[in-house]
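Below: one structure, written as structure tokens.
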Amino acid sequence: MKNLKRICAILLAAGLALGSVSSMSGCASVSNGKRIVRISHAQSETHPEHLGLLKFKEYIEERLGDKYEIQIYPNELLGGAQKAIELTQTGAIDFVVAGTANLENFADVYEVFSMPYLFTSEEAYHEVMNDTDYMEAVYESTNEAGFRVLTWYNAGTRSFYAKKPIHTPDDLKGLKMRVQQSPASVNMANAFGAAASPMSFGEVYTAIQQGVIDGAENNELALTNNKHGEVAKYYSYNMHQMVPDMLIGNLKFLEGLSDEEYAIFRDAALLSTEEEMIYWDEQVEEAKKIASEQMGVEFIDVDVQTFRDKVAGVQQDMLDENEHIQELYDHIQQVNEKYTQEEGE
Ligand code: GCU
């Protein structure tokens, strides 16, 4: 509650600084007769997700601009993923972009995405996530918690990076590695032999810099957009996860929209995903270039199979412990197989 008040105060100050008169109900505000719709995310303003969200804003304001104004808050300005989800839950803000790891505590079906080596190809990953009809059932799983997912964003493939080079799974032994704040992420890193250290994304840079942790795991954009390449100089392509980010909306807000408005918000969400995907590959290539040429980061190719072998039992352990992931897991395996077969043909 204290936090909610603080965020409301920040939002009110932001509104006043912009010269708008805000009337706060709860924390939702109206300015010049328009409902202000706030979106929080953790990335910089050049990140593909921010560019996707600009499309979301543009599409909605072009159609419903007399009624809604979309405000995007980047860089964890309103708090880290977990805090921002809570704010979305209470309706203090309306949307947040966060990785599925952060949703595990609300609906444990999302644990499936934390499984190491779940998807066997990018094609399979994209096909599963782009199958909107299938994913709807998964997205509904947090309705009880007061929010739901509208669409996904590609967050690439995650690998380990550290102050020291990692060539084999043995090199991870005892290294303190930051993971996302979820039980499955902690188990995953520990299964690799590392000492998992969960913390929010915004804390990682300083933690590596000060030696509190030895490294972390993420996609390549973390090196540049979040500047982790300044403090961790070795990025090893062990490629253990493809964890999607989700655009999450407050349920009351979504249910309060008319059918026509909801359709516009939903189309805007799908469009924002298309837009985000256009930038993703190109930005990853750019990040690799900047990291190696300007930041002195060394990219290390490893024998991925040795890393896969190291955590071979984890998928089955997770299936044994959580019956809610079986169906989605089986569905993903079917899609995986399709692409493995195509490759073999
Ligand atoms: C990626 C992902 C974020 C996530 C972050 C993390 O940047 O896009 O949603 O929060 O990794 O590791 O915390």
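Hydrogens, waters and symmetry mates play no part in the numbers below; they use all other heavy atoms, side chains included. Atoms within a ligand are numbered from 1 in the order they appear, just like the ligands themselves.
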Exercise. Just need the protein heavy atom nearest to atom 1 (C) of ligand 1, so name the residue and atom and give the distance.
Key: Asn218 OD1, 3.3 Å
Exercise. Number the atoms of ligand 1 from 1 as they appear, then name those within less than 4.0 Å of a heavy atom of Gly99, with their elements.
Key: 9 (O)
Quiz item: Got a sec, which hydrophobics cluster with Trp280, joining ILVMFWY side chains under 4.5 Å apart, including via others?
Solution: Leu221, Val284
Quiz prompt | Nearest non-hydrogen protein atom, atom 4 (C) of ligand 1 | solution = Gln180 OE1, 3.8 Å
Quiz item: Closer than 4.0 angstrom: is that true for some heavy atom of Arg158 and an atom of ligand 1?
Solution: yes
Quiz prompt | Distance flag, aromatic centroids of Phe106 and Phe147, threshold under 6.0 Å | solution = yes
Quiz item: Phe265 vs Phe56 aromatic rings, parallel, tilted or perpendicular, using cut-offs 30° and 60°?
Solution: perpendicular
Practice problem: Look up atom CD1 in Ile85 and atom OG1 in Thr90, then write down how far apart they are to the nearest 0.5 Å. | Solution: 12.0 Å
Practice problem: Please list, chain by chain and in numerical order, all residues satisfying salt bridge (charged side-chain N to carboxylate O under 4.0 Å, His left out) with Glu127, sequence neighbours excluded. | Solution: Lys338
Practice problem: For residues Tyr161 and His228, report the shortest heavy-atom separation together with the two atoms involved. | Solution: OH-ND1, 2.7 Å
Exercise. For ligand 1, find out whether one of its N or O atoms is nearer than 3.5 Å to an N or O atom of Asn219.
Key: no
Quiz item: What protein heavy atom sits nearest atom 7 (O) of ligand 1, and how far off is it?
Solution: Gln43 NE2, 3.0 Å
Quiz item: Which residue holds the protein heavy atom closest to atom 9 (O) of ligand 1, what is that atom called, and what is the gap in Å?
Solution: Asp245 OD1, 2.6 Å
Quiz prompt | Candidate with minimal heavy-atom separation from atom 12 (O) of ligand 1, of Glu217, Glu49, Arg178 | solution = Arg178
